[in-house]
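Reviewing the structure listed below.
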Amino acid sequence: MTIAKKCFLSFALMSGANSFAQTANYDQHEAFAPLFYPAYGDKVRAADGTPGPEYWQNRADYNIEATLDDSIQNVKGVVTITYTNNSPQALSFVWLQLDQNIYSLQSRGVAATAISGGRWANRNAFDGGYALQSVSLITNGKLQSANYSVTDSRMQIKLADALKAGGGTVQFKIAFSFAIPEYGTDRMGRLKTKNGWIDEIAQWYPRMCVYDNVNGWNTLPYLGQGEFYLEYGNIDYSITAPASQIIVGSGELLNPKDVLTAEQLKRWEAAKNSDATVILRSAAEVTDSTSRPAKKQLTWKFRCINTRDVAWASSAAFVWDAARINLPSGKKSMAMSVYPVEVAADSAWARSTEYVKAAIEFYSNYLYEFSYPAATNVAGIVGGMEYPGIVFCGSRAKKGGLWGVTSHEFGHNWFPMIVGSNERKFPWMDEGFNTFINSLADTAFNKGEYQDKKPVDRWSSAKRLFNDSSESILTVPDVTQPRNLGNVAYSKPALGLTLLRENVLGKARFDSAFSYYVHTWAFKHPTPYDFFHCMENYAGETLDWFWRGWFMNQWKIDQSVEDVAYISGDPAKGAIITIANKEQLPMPVTVEITEAGGNTSRKMLPVEIWQHGGTWKFRTNSTSKITRVVIDPDKNYPDVNRNNNIWSDY
């Protein structure tokens, strides 16, 4: 054996004994396993997390004519759907979503609801769902009855002639009606006020299921807890209602001159050019008949471009105000709020339009420009629900609570309205991402008026995040136990992005990569792996250890200080500090070292130190006795055991 080989063996043995030792609950081979991504990267979805050169998605355009009968709380409508098959496969049938059918007492949603009920329960034994008057194909301008069948919340239409690949189109015409539930699983419904009902109408017309290159037809039944996955297109819709009603909806109001009084038109134009809130209809005017045109019925016409959905709200009880939204490109949009007189004097709802404007402007600057001509906040029975350009927030929300729910629901205009992820399977890609950006908006709004001023201690939530739930972030929402949904879909993914931003990538690098992801997948359908790939490729960082541990598993963080040993027994010559990773999730390390003379220093170590095992030794150039060593001194990580984070020698 040569001298070189002897030296190498000696070093290897020393390293294995002192630096590369294993800890009981940590296995570096699992944490840094080489095979994380499935066979991935083709012409549809590229390996770098971007849409490939042959990426496709189908398109659904809608024209809807509906009537609201507020005397019997019923919506009746006809929807014409133009469906475009951009896929490389001919389709012999199509699937549609019939979400209103969850309100039938015979629905799977009702059958799958626990006796105790819950937020997404069909309450008060309401028996609703769609009444389908007709389902037709339009061929050469002529109607013919479609061959269709309904299974719970889905409809299949079989096509006599297969829909051609690569751009073939087909048109359907469906006449439908439904009774409006008073409590629509906290996504829609109606609220009784002293001046009339407030109707919040959503998931109200038959909508196309998504056909993609991941699952083919996405036909998960609608059970209430999981949300939506929808195709993009243009939607023109009109609502005919009694003239006493004020209607707000997704997109642009096309005919304000037909539905507003002369005075309201003047105020409308003033609001378009005002950063301050302009009253369109005051509380005093709600009971004044001259505040509405002197007609029996009016038809409100709306258009929403490149959208996945539309929703609307209607009431004779609305107070209405608006202001201008300033977008980064110089374009303008409108922030609006509608609410009953019962809360008109409340300091929260009186500021609602201010909140809408601030939220939209912040997210537009941070991520991607708001893409709709209006953003409307509706006070009603729904506690908090989002649709393109319109959100429903609880009428009882107060002060910072209204700011919080408004900011959250409008944050959804980026996730999933602009970045169209599959909420039915991956709620963390909209709720978690949105909760993360909400925390940034809280800091930015009015100098942090509603920001939590308490010092951040992520350790306090560690037990809740890791110990109270055995479900990972990737659990399907309808499978997630309701008590865990807040952690699995909201808190933990949001905290994960915060850790990436503040402790792994750094704010500038994370923000740049996150914005790149949003711009890359705007109005498209990313999967979790697209997100993972996209962030890694743009940031230039391999993060499979993080995705694997934080998102796919319930791995815990437990960093500890194990030992301090002086070189040759002399503090003046420096010291060897031993730290350990005692649980399965590795993280970068910050160690703070305090000496007897008061000198304090920090050592920053990358996550790669844990590739060698569960313990690591490093040298610090101390000049005097070390009195205290703290790992994670700023409490950046939700460490499950802080008792072993400090070594002291007093």
Side-chain angles (χ1 to χ4, degrees), residues 66 68-76 97-131 152-153 176-205 221-228 245 247-249 309 311-318 338-340 342-343 349 377-387 390-398 401-402 405-406 408-409 412 423 427 431 477-478 482-483 485-486:
L68 169 67
D69 187 339
D70 66 336
S71 67
I72 58 172
Q73 294 298 322
N74 180 276
V75 172
K76 185 176 182 179
Q97 301 180 45
L98 303 179
D99 288 348
Q100 282 296 316
N101 283 354
I102 194 176
Y103 304 117
S104 165
L105 292 179
Q106 285 71 50
S107 72
R108 290 191 190 185
V110 169
T113 298
I115 294 174
S116 57
R119 179 181 174 186
W120 295 282
N122 182 8
R123 298 180 183 176
N124 305 319
F126 177 79
D127 195 6
Y130 282 116
D152 193 52
S153 60
F176 63 92
S177 62
F178 61 88
I180 305 169
E182 185 168 349
Y183 184 84
T185 58
D186 207 24
R187 306 207 186 278
M188 60 169 293
R190 49 194 173 92
L191 175 70
K192 191 172 185 178
T193 75
K194 66 181 181 181
N195 293 308
W197 288 93
I198 293 175
D199 294 311
E200 296 172 307
I201 309 299
Q203 296 124 259
W204 57 286
Y205 57 97
Y222 179 47
L223 303 178
Q225 186 160 303
E227 292 187 329
F228 316 114
Q245 301 279 309
I247 299 178
V248 291
D309 198 7
W312 52 281
S314 179
S315 183
F318 279 150
V338 288
Y339 43 91
E342 287 90 329
V343 300
W349 278 99
N377 198 4
V378 182
I381 195 170
V382 179
M385 191 60 204
E386 71 283 355
Y387 300 97
I390 188 170
V391 302
F392 302 156
C393 294
S395 61
R396 297 180 180 180
K398 302 291 184 182
L402 181 58
V405 69
T406 300
H408 179 79
E409 303 310 335
H412 278 303
E423 298 175 278
E431 298 294 359
D478 288 317
R483 68 179 182 274
L485 188 66

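In what follows, residues are counted from 1 in the order of the sequence shown.
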Discussion item. Please determine whether side-chain contact (heavy atoms from CB on, under 4.5 Å) holds for the pair N101 and Q106, giving the CA-CA distance in whole Å, both sets of side-chain angles, and the decisive distance to 0.1 Å.
Written reply: CA-CA 9 Å; N101 283 354; Q106 285 71 50; over 6 Å; no
Discussion item. Main chain of D99, side chain of Y130: is a donor-acceptor contact present, judged purely on distance under 3.5 Å?
Written reply: no
Fill in: CD1-CG distance between I72 and D70, expressed to the nearest 0.5 angstrom
9.5 Å
Fill in: Closest heavy-atom pair and its distance - K194, E342
N-OE2, 2.9 Å
Worksheet entry | Main-chain N/O of G226 paired with D478 side-chain donor or acceptor, under 3.5 Å | yes
Discussion item. Taking ring-ring contact (aromatic ring centres under 6.0 Å, His included) as the definition, give me every residue that meets it alongside Y103, ordered by chain and number, with sequence neighbours left out.
Written reply: none
Worksheet item: Can you check side-chain contact (heavy atoms from CB on, under 4.5 Å) on I201 and S314, steps first, answer last?
Response: CA-CA 8 Å; I201 309 299; S314 179; over 6 Å; no
Worksheet item: Do P482 and Q225 come close enough that some side-chain heavy atom pair is under 4.5 Å?
Response: yes
Worksheet entry | Which atom of L105 lies closest to which atom of V110, heavy atoms considered | O-CG1, 3.7 Å
Discussion item. Quick check for you: to the nearest 0.5 Å, what is the distance between K192 atom NZ and I198 atom CD1?
Written reply: 13.0 Å
Practice prompt. Check for a donor-acceptor pair, side chain of S315 on one end and backbone N or O of W197 on the other, with a separation under 3.5 Å.
Written response: yes
Worksheet item: So, E182 versus N124: side-chain donor-acceptor pair below 3.5 Å or not?
Response: no
Practice prompt. Kindly give the heavy-atom pair with the smallest separation between A66 and V75, and that separation in Å.
Written response: CB-CG1, 4.4 Å
Worksheet entry | Polar contact flag, side-chain donor to acceptor under 3.5 angstrom, H408-E386 | no
Worksheet item: Is any side-chain heavy atom of N122 less than 4.5 Å from a side-chain heavy atom of T113?
Response: no
Discussion item. Working to the nearest 0.5 angstrom, can you tell me the gap between F392 CZ and E200 CD?
Written reply: 5.0 Å
Response to the item:
CG of L68 to CD of Q73, rounded to nearest 0.5 Å, is 7.0 Å
Worksheet item: F178 and G129: which non-hydrogen atoms are nearest, and at how many Å?
Response: CB-O, 3.6 Å
Discussion item. Holding to side chain to side chain donor-acceptor pair (under 3.5 Å), I want the full list of residues that pass it with S107, two or more places apart in sequence or in another chain.
Written reply: none
Worksheet entry | Check: I180 main-chain N/O paired with R190 side-chain donor or acceptor under 3.5 Å | yes
Discussion item. I'd like to check C393 versus W349 (side-chain heavy atoms, cut-off strictly below 4.5 Å). Are they in contact?
Written reply: yes
Worksheet entry | Contact check, side chains of L402 and N377, non-hydrogen atoms, under 4.5 Å | yes
Response to the item:
F176 and W204 have their tightest heavy-atom pair at CE1-O, 3.2 Å
Response to the item:
Heavy atoms of V343 and Y339 approach each other most closely as CG2-CB, 3.8 Å
Worksheet entry | Note: E227-R187 ion pair, threshold 4.0 Å (strictly below) | yes
Discussion item. Is the shortest side-chain heavy-atom distance between M385 and D186 below 4.5 Å?
Written reply: no
Worksheet item: Is it true that the side chains of Y205 and D309 contain a donor and an acceptor less than 3.5 Å apart?
Response: yes
Fill in: Note, W312 side chain near I247 side chain (heavy atom, < 4.5 Å)
yes
Discussion item. Nearest 0.5 Å, please: how far is CD1 in I381 from OG in S395?
Written reply: 8.5 Å
Worksheet item: Can you name the one residue among T193, N195, V338 that meets side-chain contact (heavy atoms from CB on, under 4.5 Å) with F318?
Response: V338
Worksheet item: Does any non-hydrogen side-chain atom of Y222 lie less than 4.5 Å from one of Q203?
Response: yes
